[in-house]
Amino acid sequence: MSQESLIFLSRPAVLACLDKLDPVEVAADVLRVQAAGRTEIPAEGYLPWTNSDGAYSRAIAMLGALHREEGPVYGMKLINAAVNNPSKGIERAGGLSFVFDPETARPKLIAEAGYLSAVRTAAYTMVSLRALGPERWDGITLIGTGALARAHLDLLVGAFPDVRTVVVFDLSVDRAAELVAWADGKHPQLKVTVAGTADEAIRATPVTVTLTTSSEPYLRADPFAPGSFVAHVSLGDLTEEVFLGAQAVYGDDLDLIEENPRRILGSLLQEGKVTRPGTVGAPERGAGRSVEGTLGQVLLGQIPAIRPKSGYVVSNPFGMSILDVGLIDAVHRTALDLGVGQRIDLL
Ligand code: NAD
C-alpha cells in the first residue's frame with residue numbers, strides 16, 4: 001500500500017455515515033465551539049462565471065478549523081453550482097468536502113459534498129428553531145422546493161417529530177409538485193400542500209424557511225405575523241423592511257455577513273441601516289435595527305434568546321465553513337468505525 005493514501009466517500013457512503021449521526025447535535029456543538037472563540041474561518045475563495053446557457057455559475061472554496069479540546073480539526077468544502085443544473089436533471093450544487101491530517105496537512109478524506117452541504121445548512125435551521133423559534137409551532141413553510149427543501153424535511157422529521165404540516169411555494173409549479181411526490185414517498189407522515197403565492201404560504205404557518213435562488217429581495221414584512229420565525233437561508237428573499245421591522249435578528253458569523261454586500265443583510269450593515277451589537281450610536285432596540293448577535297452566542301448564554309412574541313424573529317445564516325468541517329469530521333470518524341469508503345493510493 002502507498003504511504004500516501006486517502007479515503008473517498010461517495011454519496012451512498014456519506015448517507016450510511018449520516019444514518020449513524022445526529023447532524024443537528026453536530027451543528028450545535030460547532031456553534032458552541034465558535035462562540036467560545038475556538039474556530040477559524042479564513043476568507044472564502046469565490047469564482048463566479050456565466051455558463052454557455054447564460055446561467056450564473058460559481059465555485060466557492062471554504063476552509064475552516066475547529067480547535068476542540070480533543071484536538072484540532074482542519075478541512076474544507078469546495079461547493080460549486082450552476083443555477084440551471086436542475087433543468088438538466090442534476091442538483092444545483094455539488095462538490096467535495098475534505099478533512100486534513102493535522103500533522104502532515106495532507107487531505108486524508110474526501111467526500112461527495114452535495115447532500116452533506118444541504119444537511120449542514122438544514123441542521124443550522126433546526127438548531128435556530130430550537131433556540132429561537134416560537135415556543136409552540138405545528139407547521140412549517142418552505143419557499144423554494146429544491147435540494148435544500150428536501151434536506152430540511154429530512155431533518156425536520158427527526159428534530160420536530162410533532163410537526164406534520166408543511167406548506168410550500170415555488171415559482172416552478174413542477175418543482176413544487178416534485179417535492180410533494182418525493183415527500184409522500186419518503187416522509188408519508190408529513191402533509192405537504194402547495195400554496196398559490198409566497199405570502200399565502202408564509203401566512204399559513206408560524207415558521208418560514210426561504211430556500212430559493214432569488215437574488216432580488218421580494219418578500220415584504222406584511223405576511224410575517226407576530227409570533228412567527230423566518231430562517232432566511234437563501235439570503236436574497238427578504239426586503240429591507242423585514243429586517244428593520246423585526247423583533248430580533250440573529251446571524252451565524254457577523255463578519256461573513258457584513259463582508260458580502262451582494263446579500264441584503266450585508267448591504268444593510270455596510271450602509272449602516274442595520275448595525276452590529278455594541279456599535280456607537282446604534283439604534284435602540286425596537287427603534288431601527290441592531291443585529292442581536294449570533295446563534296452560537298445564544299447557545300452559550302452570552303446573549304439572550306429572543307423568541308417571537310410581539311413580532312417576528314429573523315435568522316440569517318450566511319453559511320460557515322466550520323459547520324461543514326465539523327460535519328465532515330463526524331462523518332470521517334463514523335466512516336472509520338463502520339469501515340465504509342474507498343481507500344485511494346495517491347503515489
Ligand atoms: P435549487 O435550485 O435546488 O432550488 C431552488 C428553488 O427555488 C427552485 O425550485 C426555484 O424554482 C425556486 N425559486 C427561485 N426563485 C424563487 C422565488 N422567487 N420564489 C419561489 N421559488 C423560487 O437550490 P437549492 O440547492 O435548494 O438551494 C436553495 C438556496 O439555498 C440557494 O440560494 C443556495 O445558495 C442557498 N443556500 C444557502 C446556504 C446557507 O448556509 N445560507 C447553504 C446552502 C445553500
Side-chain angles (χ1 to χ4, degrees), residues 23 27 30-31 41 44 46 48 55-60 62 64 77-95 97 113-128 141-155 167-180 182 194-202 208-220 223 230-239 250-253 256-257 260 262-266 295 314-324 327:
V30 170
L31 292 169
I41 307 180
E44 285 181 7
Y46 173 65
Y56 166 72
S57 310
R58 49 80 169 162
I60 301 180
M62 302 169 67
K77 176 176 71 171
L78 175 72
I79 190 79
N80 296 1
V83 285
N84 67 333
N85 280 342
S87 69
K88 299 173 181 163
I90 61 173
E91 291 169 357
R92 182 190 58 85
S97 278
Y115 187 67
L116 264 178
S117 181
V119 162
R120 81 84 151 99
T121 305
Y124 183 96
T125 303
M126 300 303 140
V127 177
S128 68
T141 291
L142 307 181
I143 309 291
T145 57
L148 264 286
R150 285 166 172 70
H152 274 74
L153 295 185
D154 283 344
L155 293 199
V167 180
V168 301
F169 172 74
D170 197 294
L171 285 181
S172 160
V173 176
D174 290 347
R175 293 214 81 194
E178 281 166 25
L179 179 88
V180 173
W182 170 88
V194 181
T197 65
D199 283 7
E200 184 189 319
I202 293 164
T208 293
V209 188
T210 68
L211 302 163
T212 75
T213 41
S214 178
S215 50
E216 282 306 313
Y218 59 95
L219 292 175
R220 309 291 305 260
V230 52
H232 188 219
V233 175
S234 39
L235 302 168
D237 304 73
L238 302 182
T239 55
Y250 292 90
D252 53 354
D253 179 302
L256 282 178
I257 294 171
N260 193 325
R262 296 189 305 277
R263 301 304 200 172
I264 173 77
L265 184 53
L295 178 56
V314 179
S315 164
N316 191 91
F318 185 82
M320 301 187 296
S321 61
I322 48 175
L323 289 169
D324 298 289
L327 187 56

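Order of listing sets the numbers, starting from 1, for every ligand and every atom in it. Computed from a prediction, not measured in an experiment: that's the story for all the values here.
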Within ligand 1, which atoms have a heavy atom of [X] less than 4.0 Å away?
{"X": "Y218", "value": "17 (C), 18 (N), 19 (N)"}
{"X": "R120", "value": "40 (O), 42 (C)"}
{"X": "P317", "value": "39 (C), 40 (O), 41 (N)"}
{"X": "A147", "value": "3 (O), 25 (O), 26 (O)"}
{"X": "G144", "value": "7 (O)"}
{"X": "S234", "value": "29 (C), 32 (O)"}
{"X": "G319", "value": "40 (O)"}

Polar atom proximity, [X] to ligand 1 (N or O, under 3.5 Å):
{"X": "F169", "result": "no"}
{"X": "D170", "result": "yes"}
{"X": "R58", "result": "no"}
{"X": "R92", "result": "yes"}

Could you tell me the residue and atom name of the protein heavy atom closest to atom 42 (C) of ligand 1, and the distance to it rounded to 0.1 Å?
T121 OG1, 3.2 Å

Below 4.0 Å, non-hydrogen atoms only: which portion of F318 touches ligand 1? Side chain, backbone, both or neither.
backbone

Can you find a side-chain donor-acceptor pair between Y250 and N316 that sits under 3.5 Å?
no

Please confirm whether E216 comes under 4.0 Å of ligand 1, counting heavy atoms of the residue only.
no

At the 4.0 Å heavy-atom cut-off, does A93 count as touching ligand 1?
no

